[in-house]
There are 2 protein chains.
Amino acid sequence: MQPEEIGQTIATAILERRLIPGRRLNELELSRLLGVSRSMIRFALVGLHHDGLVTFEANRGAFVAKPTLAEANFLFEAIAAIERSAVDIILAAPRPPSLDGLRGVHRKQVKAHAKDNMRLSEQLAIDFHHELLALTGNPLLIDAQRKLLLRYRIVTGVFKTELDYCELEDHHGELIALLESGSAARLRRLVDTHWRLVIRGHISVNPGIEDLAEALRL
Amino acid sequence: MQPEEIGQTIATAILERRLIPGRRLNELELSRLLGVSRSMIRFALVGLHHDGLVTFEANRGAFVAKPTLAEANFLFEAIAAIERSAVDIILAAPRPPSLDGLRGVHRKQVKAHAKDNMRLSEQLAIDFHHELLALTGNPLLIDAQRKLLLRYRIVTGVFKTELDYCELEDHHGELIALLESGSAARLRRLVDTHWRLVIRGHISVNPGIEDLAEALRL
DNA sequence: GGACATTTGTTCGTATGTATC
DNA sequence: AGATACATACGAACAAATGTC
């Protein structure tokens with residue numbers, strides 16, 4: 001197992017919800033299972049921590065990140081913010097970019113949805129957003145969005161209830177059309193509408209009160 | 001020396017340009033100087049790598065990141081993108097935020113500039129941008145901008161020539177005024193203008209040709 | 001082209017402190 | 001309160017890669 005793969009293996013397990021939020025990540029256990037030393041495991045876990053997939057508690061170790069609903073809302077807001085500015089950049093480019101990548105992913109997604117392959121459809125929906133940022137050609141923005149979308153996948157596992165996939169797909173189609181016609185203001189609104197719809201598909205779980213004194217009304 | 005401080009110590013040395021881009025960071029040397037084990041140094045360096053301050057070359061070790069001019073431009077574009085959307089979020093808040101923090105930093109900066117304390121003035125200019133993002137209240141966006149501004153400070157060390165500090169300060173003042181009056185479109189334009197002015201203050205060094213075959217015209 | 005010194009990448013054993021039962 | 005389990009940190013060690021003479 002290569003050092004690079006270690007993080008990937010754990011990340012995949014988290015994103016595919018085999019490791020659920022709050023789950024403890026025992027370093028010794030991981031090192032035995034993956035056949036590498038504890039140092040390498042720590043190395044990987046720190047990397048995942050930087051991507052927001054893992055949290056550390058002092059002297060307690062690593063856990064799969066357990067987003068609160070408040071964090072989830074910040075997440076949606078942040079992704080929408082980056083994508084809103086991204087469409088500005090795409091439209092401001094000296095020559096219009098090829099939208100073939102977006103069209104291809106979108107077409108595949110519609111097809112997957114038609115076949116009721118929701119798992120694939122969801123993955124392609126995320127790929128669509130990656131394709132969108134790729135059009136900016138700005139590696140820093142691409143990376144910022146990549147990290148946020150990673151966390152998005154954790155959040156959906158915790159809070160998602162029911163998304164209106166038809167409408168979300170329509171948005172993607174509209175977005176392609178608007179990128180062609182080049183109306184910046186409408187694009188920004190569309191991106192906002194899109195993510196607001198995603199937010200609405202996430203239930204408002206009662207998170208309880210973390211602070212004990214507060215919970216007991218002291 | 002606490003583990004947390006290690007990264008800070010190295011980061012500060014980089015940001016204050018005591019360690020210049022391209023400078024090699026020898027693990028053994030660092031561990032001896034800072035009085036911690038090589039493991040801790042490695043963790044610190046990896047952390048700095050995630051923040052874009054340090055690059056790794058396989059089997060050659062860590063170096064202070066040496067941004068190219070192309071990367072610098074991406075950096076400016078990315079910061080502008082985040083701040084453009086940030087002002088949207090600030091204006092869309094249910095109740096207008098207190099601009100006292102921005103005003104305080106701005107006042108200090110004008111004062112420092114008047115006293116010709118450029119070092120302090122530059123730091124306060126960066127603080128101003130941190131204050132701006134703080135108004136969004138979104139920790140994810142705040143963190144994204146924080147990382148980009150870290151790299152900005154390296155870039156200025158390499159490429160900065162002459163900035164029109166008077167005009168840049170005026171922009172900050174204008175920004176406060178526009179946040180009060182609440183005109184989103186003009187704010188977005190201002191943020192863009194601001195960073196475009198910053199870009200113009202950075203010289204266009206001939207970056208050479210990275211690809212050897214191309215450089216030799218093969 | 002080869003031998004050598006240096007440094008990284010990685011692992012292991014161990015000591016220490018801290019949380020949990 | 002005591003025992004146990006675990007994370008944290010250190011130092012020593014080794015192979016592999018690199019740069020140098």
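Numbered from 1 within each chain, the chains take letters A, B, ... in sequence-line order.
When rounded to the nearest whole Å, the span between CG of B:L25 and C1' of C:dT7 equals 13 Å. Atom P of nucleotide C:dG9 and atom CZ of B:F43 are separated by 13 Å, given to the nearest angstrom. Between A:E27 atom CD and C:dC12 atom P the separation is 14 Å, expressed in whole Å. Summarising the geometry, the separation between CZ on A:R42 and P on C:dC12 is reported as 16 Å, rounded to the nearest angstrom. If you measure from atom CD of B:E57 to atom C1' of C:dG9, you get 15 Å, rounded to the nearest angstrom.
Side chains of A:S31 and A:S37: a donor-acceptor N/O pair is absent below 3.5 angstrom, by distance only.
Side chains of B:L140 and A:E77 form no contact here, defined as non-hydrogen atoms less than 4.5 Å apart. Side-chain atoms of B:L45 and B:M40, non-hydrogen and from C-beta on, never get closer than 4.5 Å to each other.
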For each nucleotide in nucleotides 15-21 of chain C, reading 5' to 3', give B when a protein heavy atom comes within less than 4.0 Å of its base, S when such contact involves only the sugar-phosphate, and - otherwise. ---SSS-
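The residues B:D192 and B:R196 are annotated as salt-bridged, a charged nitrogen and a carboxylate oxygen being separated by less than 4.0 angstrom.
Evaluation of the side-chain hydrogen bond (donor to acceptor under 3.5 Å, both in side chains) rule for B:E83 yields B:H129, B:Q145, B:W195 as partners, not counting sequence neighbours.
Geometrically, A:R42 engages B:F43 in a cation-pi contact, judged by NZ or CZ lying under 6.0 Å from the ring centre and within 45° of the ring axis.
For the pairing with B:T156, the side chain to side chain donor-acceptor pair (under 3.5 Å) check across B:R17, B:H202, B:R151, B:E122 returns one residue only, B:R17.
Taking 4.0 Å as the cutoff to heavy atoms of chain B, we find the contact window on DNA chain D bounded by D:dA9 to D:dG19.
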